[in-house]
Amino acid sequence: MQRNWIGRSEGAWVNFHAEYPQPEPCRGAACCAHPAPIRIFTTRPDTLWGATFMVLAPEHPLVDALTTPELAQAVADYRFQASRQSEIERLAVNKDKTGVFIGAYAINPVNGARVPIWIADYVMMAYGTGAIMGVPAHDERDFAFALKYALPILPVIQRTDGLAKSYVYPAAVRPGLPQALAAAGLAFEQQNGHTFVTLQGLDQVNAYIDIVRAHLLPGYWVSIVGAAFAFLFDDGIMHLDSAESDAAILARCQTLLRDHGLTHSSALRARTAMELLWTVQFYHDALFHADYGEMINSGAFTGTPGDAAGTPAQAEYSQPAKKKVTDWLAERGIGGREVTYKLRDWLISRQRYWGAPIPMIYCNKCGIVPVPEADLPVLLPDDAQFMPTGESPLIYHEGFRNTTCPVCGGPARRETDTMDTFMCSSWYHYAYISPYYKGSVPWDPAAGAYWLPVDQYTGGIEHATMHLLYTRFFTKVLRDLGLVPFDEPMVRLFNQGIILGEDNEKMSKSRGNVVNPDDYVSTLGADSVRAFLMFIGPWEEGGSWSSTGIEGIYRFINRVWNTALEAPEQAAAAPTEEEIADLLRITHKTITRVTDDFERFQFNTALAALMEFSNALIKAKDTAVYGSAAWQEAIRTMVLMMAPIMPHVAEELWERLGGEYSVHTQAWPAYNAELAADRVLTLVVQINGKVRGRVELPADVDEETAKAAAMENPNVLRHLEQQQVVKVLYVPGRLVNIVVRGGGSG
RNA sequence: GCCGAAGUGGCGGAAUGGCAUACGCGGUGGUCUCAAAAACCACUGAGGGCAACUUCUUGUGGGUUCGACUCCCACCUUCGGCACCA
């Protein structure tokens with residue numbers, strides 16, 4: 001997610017020189033903005049030959065200088081509209097592309113083509129250079145824009161799927177076309193005499209061209225799109241490979257339409273060859289693609305392969321065409337490699353009240369002056385007036401705004417923009433180490449060495465991109481400054497899930513499924529609520545609330561209470577050694593399980609282990625072990641392990657059992673592997689992976705004995721009849737798997 | 001569209017490549033009670049069988065393996081986040 005947020009894009013910058021509308025005598029670089037080239041960023045330099053227009057963001061600084069006087073008003077109107085649109089946060093999701101021509105032209109540096117310059121709000125000033133080249137044949141947005149505003153669309157990259165399509169008008173050909181297509185093995189469909197052909201690869205395209213030319217009637221044409229863009233006429237083929245051919249094709253087709261008296265055809269309204277093709281619904285998915293294919297119609301670069309098969313996707317400039325063109329641009333000084341990031345620095349300068357003030361002062365005499373360290377921190381005023389102006393209330397707070405210049409003592413004003421709250425939350429964990437530390441560095445280095453980096457971060461997934469991304473950046477800066485010796489602020493991250501309502505939906509007032517924990521705290525106790533939240537499911541996944549589920553936890557707590565405090569009715573005899581060993585075994589097995597689960601944040605299974613332990617204790621209570629030293633250890637261990645989950649009940653039980661205050665400061669129970677070890681184990685016996693029996697054996701059984709015992713199991717023997725044993729596998733402590741092959745009777 | 005997480009009984013869920021369904025909820029039967037609730041005990045994936053036992057089952061389809069909920073490939077569905085990013 002963070003990778004996506006940072007949005008690293010590898011591409012190229014390219015300079016386009018503009019023809020300015022009013023060529024004034026220019027006195028050189030220091031004179032004016034006019035000679036500045038328009039710099040664009042693209043991830044597809046290999047499509048440069050297909051750039052048929054340019055688009056600048058409406059706020060682009062060169063717009064004013066480039067706009068012709070006749071279009072100045074239209075441009076100003078559009079810019080005003082665009083600026084209002086960003087205010088309503090671009091509500092429309094897939095809105096129509098809009099834009100206006102500003103009257104100026106730029107020169108495509110690779111082929112000298114003169115391309116119009118537009119402004120459009122689909123280009124954003126904040127990303128890249130705020131200017132793009134429009135390559136409509138290979139960029140979805142540019143395609144939509146060009147189609148709408150009749151800009152030429154020229155394919156310069158071959159499709160990688162080889163798809164080509166052709167539509168044939170019924171009257172355009174003489175009879176026999178379907179038969180000829182079928183004979184050549186070409187795929188097509190017919191509807192009411194209209195023929196829809198789908199081709200694969202250039203060989204099929206060429207075969208198809210021959211067939212069509214043999215059947216085409218004078219005065220008609222047939223088009224092919226996709227792997228090839230060609231228009232077949234009775235006297236030849238025209239390829240859509242330049243702005244000139246675009247115009248020529250369009251003119252010829254429309255003349256033919258008029259000759260046939262089709263004055264109402266939508267094709268007559270088409271302003272480009274591509275728009276003419278767009279009138280055929282069947283063509284829509286073949287007119288545009290963004291593949292890394294071989295370069296076509298690209299001068300000397302035509303034929304350069306696009307994708308390099310077998311190259312790891314992470315490799316820089318792994319597409320040969322992209323690399324070759326970029327290097328060529330760099331050699332000629334008109335472009336070069338560039339990496340761009342989506343992530344914007346919007347932590348500083350926000351026009352709102354909440355956030356740390358930026359400690360800067362504007363003085364008419366001294367310029368921008370930092371607030372002296374002794375006067376830090378600059379605090380927000382308590383009495384700011386919030387008014388519906390859309391601006392920060394700090395602007396209108398005279399007491400805050402007006403100050404004196406720390407350099408000259410004259411009247412000055414404070415910066416009224418603030419920093420985003422992420423600015424503070426990105427490093428508070430460093431500040432918290434020693435909040436009142438006074439020294440030349442931000443925190444006590446000794447305390448930092450002890451506490452940092454943070455061992456465990458717990459938070460919601462909603463912080464995965466913003467907060468966690470910024471805090472990582474802060475830490476990398478602190479590292480570069482030599483303040484911390486590590487790279488990442490937190491050693492381990494854990495996102496807790498969301499607890500849903502009883503109906504498996506997110507809790508919300510409108511759904512009426514909000515659970516108020518206080519209701520349950522007052523009846524079942526805070527420990528029940530806390531424990532149930534931990535028991536619902538994996539901590540990172542959250543889960544659904546259940547009003548009956550929490551009663552199960554309440555019952556569990558009661559059972560433990562009764563087990564620990566109430567004596568059984570019958571007086572106990574002396575326990576056997578085996579009974580004691582059994583109790584100690586389950587005690588120590590539970591210690592490992594619960595300890596491991598806590599370390600992995602698997603609270604639900606830790607609780608399940610405690611429940612199993614409790615069930616075992618309830619059974620043991622009716623035996624002679626009750627009251628023995630092992631029993632005391634088991635009960636105390638139970639209470640100690642409950643403490644993090646049910647702190648109040650655990651404290652109360654601990655005291656009643658004679659423990660020293662507090663249970664929460666006791667050492668965690670120690671695990672003894674010897675006591676936890678099984679004396680007897682149950683081996684599963686499988687035949688070809690299917691369980692056919694179980695054998696109980698001493699824990700220290702050797703492989704041969706185990707295999708032999710497995711083979712003697714009655715049910716196993718039954719399944720071995722008529723079978724040939726191929727192999728016997730032994731997994732110590734777990735199972736024996738007998739691999740057999742069907743024999744005899746079969 | 002892109003990124004991320006997840007699909008297992010009636011429900012929430014458990015399982016270092018080795019007994020699928022632990023634990024809890026719900027359900028059924030029982031004990032206690034005049035009765036009910038609570039508590040306690042037993043059973044509880046589906047099909048077949050009197051039973052021993054057996055077949056099927058972890059979203060779908062393939063693969064690796066003696067053995068796959070778990071690993072690999074393709075797909076489907078759900079949820080969360082981002083989205084005109086050139």
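It should be emphasised that the depicted structure is a prediction, and the values quoted were computed from it without experimental measurement. Lettering follows sequence order; numbering is per chain, from 1.
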What's the [atom1]-[atom2] distance between [X] and [N], to the nearest Å?
X         : N       : atom1 : atom2 : answer
Gln496(A) : rA5(B)  : CD    : P     : 17 Å
Leu56(A)  : rC84(B) : CG    : P     : 19 Å
Asp121(A) : rA86(B) : CG    : P     : 17 Å
Glu502(A) : rC25(B) : CD    : C1'   : 11 Å
Trp545(A) : rG24(B) : CH2   : P     : 18 Å
Ile586(A) : rA22(B) : CD1   : P     : 16 Å
His719(A) : rA52(B) : NE2   : C1'   : 12 Å
Leu469(A) : rG81(B) : CG    : C1'   : 14 Å

Could you tell me whether the side chain of His138(A) and the main chain of Ile157(A) form a donor-acceptor pair under 3.5 Å?
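Present.
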Between Asn15(A) and Gly335(A) (side chain of the first, backbone of the second, donor and acceptor by atom type, cut-off under 3.5 Å), is there such a pair?
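Flag not set: sc Asn15(A) to bb Gly335(A) has no pair under 3.5 Å.
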What's the gap between [N] and [M] when it is taken at their [atom1] atoms, as a whole Å value?
N       : M       : atom1 : answer
rA22(B) : rG13(B) : C1'   : 10 Å
rG61(B) : rA68(B) : C1'   : 15 Å
rG24(B) : rU44(B) : C1'   : 14 Å
rA14(B) : rA20(B) : C1'   : 10 Å
rC11(B) : rU60(B) : C1'   : 24 Å
rC73(B) : rG26(B) : C1'   : 40 Å
rU58(B) : rC69(B) : C1'   : 5 Å
rG80(B) : rG47(B) : P     : 35 Å

For [X] and [Y], I'd like to know if the aromatic rings sit close, meaning centre-to-centre distance below 6.0 Å.
X         : Y         : result
Phe143(A) : His289(A) : no
Trp118(A) : Phe53(A)  : no
Trp278(A) : Phe288(A) : no

So does [X] pair up with [Y], basic N to acidic O under 4.0 Å?
X         : Y         : result
Arg530(A) : Asp527(A) : no
Glu10(A)  : Arg8(A)   : yes
Asp622(A) : Lys619(A) : no
Glu488(A) : Arg472(A) : yes

Under 4.0 angstrom, heavy atoms only, what part of the nucleic acid is [X] near: base, sugar-phosphate, or nothing?
X         : value
Arg559(A) : sugar-phosphate
Val728(A) : nothing
His138(A) : nothing
Gly128(A) : nothing

Should [X] be listed as having a side-chain N or O under 4.0 Å from OP1 or OP2 of [N]?
X         : N       : result
Ser9(A)   : rA86(B) : yes
Lys690(A) : rC56(B) : yes
Asn715(A) : rU54(B) : yes

Rounded distance (nearest 0.5 Å) linking atom [atom1] of [X] with atom [atom2] of [Y]:
X         : Y         : atom1 : atom2 : result
Leu683(A) : Lys707(A) : CG    : NZ    : 12.0 Å
Asp597(A) : Leu610(A) : CG    : CG    : 9.0 Å
Thr52(A)  : Asp142(A) : OG1   : CG    : 8.0 Å
Leu653(A) : Ile557(A) : CG    : CD1   : 10.0 Å

Looking only at side chains, do His467(A) and Tyr457(A) share a donor and an acceptor under 3.5 Å apart?
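Yes, side-chain donor-acceptor contact under 3.5 Å.
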Decide whether Ser547(A) and Glu502(A) meet the rule of one side-chain donor and one side-chain acceptor closer than 3.5 Å.
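On atom types as modelled, these side chains qualify, holding a pair under 3.5 Å.
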Choosing from [options], which nucleotide comes nearest the side chain of [X]?
X         : options                   : answer
Tyr127(A) : rC53(B), rA86(B), rG26(B) : rA86(B)
Arg555(A) : rA39(B), rC85(B), rG24(B) : rA39(B)
Ala608(A) : rC23(B), rC84(B), rC19(B) : rC23(B)
Arg734(A) : rC25(B), rC85(B), rU16(B) : rU16(B)
Arg718(A) : rC53(B), rG26(B), rA86(B) : rC53(B)
Ser546(A) : rG18(B), rG24(B), rC25(B) : rC25(B)

Between Lys97(A) and Phe145(A), is NZ or CZ placed under 6.0 angstrom from the six-membered ring centre and within 45° of the ring axis?
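Pair Lys97(A)/Phe145(A) does not count as cation-pi.
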Going by number, which of residues 691-711 of chain A have a non-hydrogen atom under 4.0 Å from RNA chain B?
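Under 4.0 Å from RNA chain B: Val691(A), Arg692(A), Arg694(A).
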Is there a residue in residues 139-148 of chain A whose heavy atoms reach under 4.0 Å of RNA chain B, and which residues are they?
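Under 4.0 Å from RNA chain B: Arg141(A).
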With salt bridge (Lys or Arg N to Asp or Glu O under 4.0 Å) as the test, would you mind laying out the steps for Glu338(A) and Arg39(A) before giving the verdict?
CA-CA 12 Å; Glu338(A) 181 161 319; Arg39(A) 184 185 170 111; 2.7 Å; yes
Where does RNA chain B pair, written as one dot-bracket string 5' to 3', with Watson-Crick or G-U pairs under 3.5 Å, ( ) inside the strand, [ ] for crossing pairs and | for another strand?
(((((((..(((.....[....)))((((((.......))))))((((....))))..(((((..]....))))))))))))....
Base of rG17(B) relative to its sugar, syn (within 90° of 0) or anti?
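rG17(B): anti.
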Every protein N/O lying under 3.5 Å from an N/O of nucleotides 65-74 of chain B:
| unit_1 | atom_1 | unit_2 | atom_2 | d |
| --- | --- | --- | --- | --- |
| rC66(B) | O2 | Asn737(A) | ND2 | 2.4 |

Residues which pass side chain to side chain contact (heavy atoms under 4.5 Å, CB included) with Phe603(A), listed by chain and number, not counting sequence neighbours
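Expected list: Met534(A), Trp539(A), Phe598(A), Phe601(A).
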Only one of Tyr554(A), Phe556(A), Trp545(A) passes ring-ring contact (aromatic ring centres under 6.0 Å, His included) with Phe532(A); say which it is.
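That would be Trp545(A); it is the only one of Tyr554(A), Phe556(A), Trp545(A) passing the ring-ring contact (aromatic ring centres under 6.0 Å, His included) with Phe532(A).
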For nucleotides 10-15 of chain B, which of its nitrogen or oxygen atoms have a protein nitrogen or oxygen under 3.5 Å away, and what is each distance?
| unit_1 | atom_1 | unit_2 | atom_2 | d |
| --- | --- | --- | --- | --- |
| rG12(B) | O2' | Ile536(A) | O | 2.7 |
| rA14(B) | OP1 | Asn604(A) | ND2 | 3.1 |

